[in-house]
Protein chains: 2
Amino acid sequence: MNNIRVFLVDDHPVVRAGLRAMLGDLEGITVVAEAADGGAALAGLARLHTLGEPADVVLMDLQMGAGMDGVTATGRIKAGEAGEPPPPVLILTTYDSDADILAAVEAGASGYMLKDAPPEQIRQAVLSAAAGGTALAPEVAARLMGRIRNPEPALSAREVQLLGLLATGMGNRAIAKQLFISEATVKTHLVHIYGKLGVDNRTAAIAVAAQRRIIRRP
Amino acid sequence: MNNIRVFLVDDHPVVRAGLRAMLGDLEGITVVAEAADGGAALAGLARLHTLGEPADVVLMDLQMGAGMDGVTATGRIKAGEAGEPPPPVLILTTYDSDADILAAVEAGASGYMLKDAPPEQIRQAVLSAAAGGTALAPEVAARLMGRIRNPEPALSAREVQLLGLLATGMGNRAIAKQLFISEATVKTHLVHIYGKLGVDNRTAAIAVAAQRRIIRRP
DNA sequence: GGCGGAATCAACCTTTTGGTTGATCGCAGG
DNA sequence: CCTGCGATCAACCAAAAGGTTGATTCCGCC
């Protein structure tokens with residue numbers, strides 16, 4: 001049969017119920033399983049796989065940190081089962097900071113939707129992902145477009161990553177250890193970041209980055 | 001009939017669908033209306049009231065800023081319609097910062113639940129609120145208990161003001177000029193702030209203050 | 001194959017912060 | 001009335017951050 005089998009991953013029972021109600025009523029889509037965190041998700045995906053009825057799409061909430069691992073781990077399933085492509089991962093989150101989007105895309109997500117999206121948009125995204133395509137929320141797409149259009153000096157992925165750590169209040173030394181690089185390198189990156197953001201200290205960099213939604217405010 | 005009439009307020013269609021599915025199936029509870037923001041909520045509540053079938057409970061998401069106004073505004077309905085008690089407002093949110101909880105309780109919310117709560121807990125909270133009682137999520141209750149036991153040192157108004165400027169990326173000198181005080185005084189204030197927030201540098205102070213909603217980053 | 005950009009590191013120096021101690025002033029509460 | 005606390009300032013030292021120069025490696029691209 002031509003039914004799209006969806007796996008829900010979200011730590012909020014309310015959200016899972018909402019997605020179930022929203023997607024389950026639709027022709028051609030079936031919610032086959034759910035999980036509340038990344039670990040349970042991987043276990044569930046493996047179980048479905050051994051049962052011979054793998055999920056077609058993983059719809060996953062992007063929680064800080066834990067969610068991202070889920071994406072990469074899902075991608076790694078492929079490595080173990082050569083020939084079997086891993087199910088596309090569709091990110092569904094509340095925030096739309098550049099850092100999150102870049103991290104998700106880099107980790108191999110095939111879509112990035114916002115939770116305040118209308119139901120039809122989410123359905124379309126699921127269908128698109130299942131068909132092997134990609135799906136970006138209009139807001140997200142607009143952000144990326146503007147990023148290309150504008151001569152606003154683009155921060156490299158590494159620089160954005162650094163900004164994220166910066167915003168947590170870590171010192172240069174702590175950041176260096178976290179990223180397995182030297183303090184000198186951290187300082188070099190910071191100088192570049194300051195230049196691109198038109199700023200001359202770390203707090204101002206955080207302020208600008210938060211305002212431009214380059215990083216997210218927790 | 002003895003049916004509890006619930007009004008849903010949440011800007012996420014997904015969450016609304018989830019709550020509808022979760023509460024609607026339950027005996028004695030009916031979701032009578034929904035709104036995506038505070039303004040629509042007030043309009044909807046007024047409309048239901050004039051129709052003679054007012055809502056018994058308002059289940060409201062707490063978004064930064066806008067949500068809180070909704071609670072106070074809902075409370076103000078009472079003022080206009082003397083004798084008619086306003087429906088109890090049950091807060092349902094993702095975060096559980098002290099500032100949010102206190103603000104909600106102070107604004108007159110009769111409950112504070114987290115979105116990752118199990119369905120049964122949310123149902124109980126609705127029933128409790130409808131009966132005129134209060135409902136706090138266990139995590140929230142624990143937080144408040146701990147706060148009473150060892151109250152966190154409160155920041156003075158001046159210190160909060162300084163934090164605000166700090167978050168804009170200003171250096172000590174700039175802050176001093178802005179506030180017409182000396183740099184030495186700025187440093188003294190900062191030392192106090194660091195002590196109270198359990199932190200040892202300005203970026204971490206901003207991070208903690210933002211997380212506790214002591215300051216707000218637009 | 002070379003060119004440029006990203007990422008990495010080192011050494012050096014200046015400026016800014018952080019931390020401490022101590023002091024004065026004014027105001028509110030017991 | 002005196003005690004405590006917030007706000008204000010000073011001087012000093014140590015640590016961290018900011019800025020510069022220069023160098024290496026690894027990419028992708030023309």
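So that the names make sense, note that chain A is the first sequence line, chain B the second, and so on, each numbered from 1. This is a predicted model, so every value here is computed, not measured. Note: hydrogens, waters and symmetry copies are ignored here, and every other heavy atom, side chains too, is used.
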Identify each donor-acceptor pair in which a side-chain atom of residues 161-171 of chain B lies under 3.5 Å from a protein atom, sequence neighbours left out, and give them as a table.
| unit_1 | atom_1 | unit_2 | atom_2 | d |
| --- | --- | --- | --- | --- |
| Q161(B) | OE1 | R158(B) | NH1 | 2.9 |
| T168(B) | OG1 | L165(B) | O | 2.6 |

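Atom OH of Y112(B) and atom CG of L90(B) lie 11.0 Å apart (nearest 0.5 Å). The CD1 atom of I181(B) sits 4.5 Å away from the NE2 atom of H189(B) when rounded to the nearest 0.5 Å. Atom OG1 of T188(A) and atom CD of E159(A) lie 10.5 Å apart (nearest 0.5 Å). Rounded to the nearest 0.5 angstrom, L114(B) CG and L136(B) CG are separated by 10.0 Å.
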Verdict with reasoning, L23(A) to V126(A), per side chain to side chain contact (heavy atoms under 4.5 Å, CB included): CA-CA 9 Å; L23(A) 298 174; V126(A) 171; 4.3 Å; yes
Step-by-step side chain to side chain contact (heavy atoms under 4.5 Å, CB included) determination, L45(B) to V58(B): CA-CA 9 Å; L45(B) 283 171; V58(B) 178; 3.9 Å; yes
Side chain to side chain contact (heavy atoms under 4.5 Å, CB included) assessment of L190(B) paired with I193(B): CA-CA 5 Å; L190(B) 286 181; I193(B) 292 173; 4.3 Å; yes
Per-nucleotide protein contact string for nucleotides 19-24 of chain C (B base, S sugar-phosphate only, - none; heavy atom under 4.0 Å): BB----
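Two residues are said to be in side-chain contact when any heavy atoms from C-beta on lie closer than 4.5 Å; L197(A) and I214(A) meet this criterion. Residues I4(A) and V6(A) meet the side-chain proximity criterion, which asks for heavy atoms closer than 4.5 Å. Within the 4.5 Å cutoff, side-chain heavy atoms of K115(A) are placed close to those of D10(A). Considering only heavy atoms from C-beta on, V14(A) comes within 4.5 Å of I122(B) through its side chain.
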Enumerate all atom pairs, one protein N or O and one N or O from nucleotides 24-26 of chain D, separated by less than 3.5 Å.
none

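Residue H192(B) contributes atom NE2, which lies 12 Å from atom C1' of dC9(D) at whole-angstrom precision. The interatomic distance linking L190(A) (CG) with dG19(D) (P) rounds to 10 Å, in whole Å. Distance, N172(B) CG to dA16(D) C1': 13 Å, rounded to whole Å. In this structure, R202(A) atom CZ and dT17(C) atom C1' are separated by 11 Å, rounded to whole Å. Here dA6(C) presents its P atom at 15 Å from CG of L162(A), a figure rounded to the nearest Å. The interatomic distance linking K196(A) (NZ) with dG5(C) (P) rounds to 11 Å, in whole Å.
Rounded to 10°, the helix from dG1(C)-dC30(D) to dG30(C)-dC1(D) has 50° between the axis fitted to its first five pairs and the one fitted to its last five.
Shown for residues 173-184 of chain B: residues whose heavy atoms fall under 4.0 angstrom of DNA chain D, namely I181(B), S182(B), A184(B).
Partners of R202(B) according to the salt bridge (Lys or Arg N to Asp or Glu O under 4.0 Å) rule, which considers only residues two or more places apart in sequence or in another chain, do not exist here.
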